[in-house]
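Letters A, B, ... mirror the listed sequences (proteins, then strands); counts begin at 1. The structure presented is a predicted model; accordingly, all values stated were derived computationally and were not measured.
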2 protein chains.
Amino acid sequence: MASPRVLSELEGVCLGIVRKYDPCTAYHVRMKLKEAPSSHWKASSGSVYPLLSRLEDEGLIKTAADTSDGRGRTLLSITRQGRASLKKWLVAGASQNLISSLTDPIRSRMFFLDALPAAQQATYLDKLEAEMERYLTDTERHLANQSQVEERYNYLGALGAVKLAEARLAWLRTVRHTLLSC
Amino acid sequence: MASPRVLSELEGVCLGIVRKYDPCTAYHVRMKLKEAPSSHWKASSGSVYPLLSRLEDEGLIKTAADTSDGRGRTLLSITRQGRASLKKWLVAGASQNLISSLTDPIRSRMFFLDALPAAQQATYLDKLEAEMERYLTDTERHLANQSQVEERYNYLGALGAVKLAEARLAWLRTVRHTLLSC
DNA sequence: CGATGCATGTAAGCTGTTACATGATTGC
DNA sequence: GCAATCATGTAACAGCTTACATGCATCG
């Protein structure tokens, strides 16, 4: 009986990537994490390699040396047990505690904006809006690269990032209007 | 010259709370962190007390023993240096890297939903939608408790939580419709 | 033949959580 | 008097980041 522990967020995501691009290298997993503009994860080698070793130790992925490549690549595949763990991680996401664990540094700061003098508030909100617009553009561009038919799930995930970015931007504009128009 | 390091997210939030309810106890800071349904922070004593000690060591807050209370309460106040640090933390929020660091466990999972058989996908999405509705209600209730005039910044922050929750729910419904209607 | 990208790792450190531990105050 | 809340902390650990270190492959 394998350890039935719940995977961490990054573990679940990495295992999901291994499954999706099976077989692939650890490096590939890192690159996939990096290419989404909306990903929280830095996915440095310092987190990914030990993480994947751990998953291998627990039998969730298996490795095979790629002899055709002189760099000593290691190809990763998900195991039957890994698939079961991934499913478990997936459905565990429908809990109040995970739904509410969304961190938003912008919103956090809004509560304390009165610490800035009015002029600086305006400057800050201006810059924020400009950066948020740029971020929205990034997420939209990323969405445009996902095929709606071939990569349905990637498309829907990327769509979520766009929708959230739109909502944040709209909220920011409301804030700006509320604070600066009187 | 004091250490000009940038505060972490939780440090900034805690310092902001101290400033807002100055003077207040560390316990009060924890309770404030807990009462928002959209807060990412668990704000356990194990994080808050050492954090506030650190801020005191760096001269960002000062403490005073409350002799009128037998429990040995310690009252916290923000210092001039603390105000400067808080402002710095605030404006540092307008950076691409912080804007994009929004973690969404629901969206993360969407990319891998194809790991579940269709029937389980439907069950999962149903449960998710129900929980998201409950979460939206929580944030709305919290918003209703914030005065739009007296607590303008708290109101705007809570409004952001509601707007994000609405956008996530709308997106979830799109996902459900897309995946289950064919 | 040099730059960029592919590829794999380790060590130290930061930040926050969980679990534990203690005790006073307030309201019923 | 007892329960809930107020109040303060510590120790161990989990999880991820930063910085460092190495070396082959590919393309111009």
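- Among the protein residues, A:T25 comes within range of the sugar-phosphate backbone only, with heavy atoms under 4.0 Å from sugar or phosphate atoms but none that close to a base.
- A sub-4.0 Å separation between OP1 or OP2 of D:dC16 and a side-chain N or O of A:S8 is present.
- A perpendicular orientation is assigned to the rings of A:H28 and A:Y21, their planes being inclined by more than 60° (bins at 30° and 60°).
- One atom, CG of B:L76, and another, C1' of D:dT8, lie 11 Å apart when rounded to the nearest Å.
- A salt bridge links B:R141 to B:D138: one of the charged nitrogens lies within less than 4.0 Å of a carboxylate oxygen.
- At whole-Å resolution of the value, NZ in A:K42 and C1' in D:dG15 are 14 Å apart.
- Residues B:P50 and B:H28 each lie close to DNA chain D; by heavy-atom proximity, the contact nearer the 5' end of the strand is made by B:H28.
- Using a 4.0 Å heavy-atom distance criterion, A:G46 is classed as a base contact.
- Here A:R71 does not pair with A:D66 in a salt bridge; the nearest charged N to carboxylate O distance is not below 4.0 Å.
- Look at CZ on A:R73: it is 13 Å from C1' on D:dT26, rounded to the nearest Å.
- In this structure, B:E133 pairs ionically with B:R173, as a charged nitrogen and a carboxylate oxygen lie closer than 4.0 Å.
- Taking atom OH of A:Y49 as the reference point, atom P of D:dC16 lies 17 Å away to the nearest angstrom.
- Projected onto DNA chain C by closest heavy-atom contact, B:S44 and B:G70 fall at different nucleotides, the more 5' of which corresponds to B:S44.
- Between B:E129 and B:R168 there is no salt bridge, since no side-chain N of the basic residue sits under 4.0 Å from a carboxylate O of the acidic one.
- Rounded to whole Å, atom P of D:dA14 lies 15 Å from atom CG of A:L7.
- Backbone-only engagement by A:T74 is indicated by non-hydrogen atom pairs under 4.0 Å involving sugar-phosphate atoms exclusively.
- Atom-to-atom, CZ of A:R71 to C1' of D:dA21 comes out at 18 Å; the value is rounded to the nearest Å.
- Counting 5' to 3', DNA chain C first comes under 4.0 angstrom of a heavy atom of chain B and last does so at the ends given by C:dG16 to C:dT25.
- For the pair A:D69 CG and D:dG23 C1', the computed distance is 12 Å after rounding to whole Å.
- Residue A:L33 contributes atom CG, which lies 14 Å from atom C1' of D:dT17 at whole-angstrom precision.
- Nearer the 5' end of DNA chain D, as judged by each residue's closest nucleotide, is the contact made by B:S47, out of A:R54 and B:S47.
- Put simply, the side chain of B:L98 reaches to within 4.5 Å of the side chain of B:S101, judged on heavy atoms.
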A:R176 vs A:D126, salt bridge (Lys or Arg N to Asp or Glu O under 4.0 Å): CA-CA, chis, key distance, verdict: CA-CA 8 Å; A:R176 198 157 156 256; A:D126 282 350; 2.8 Å; yes
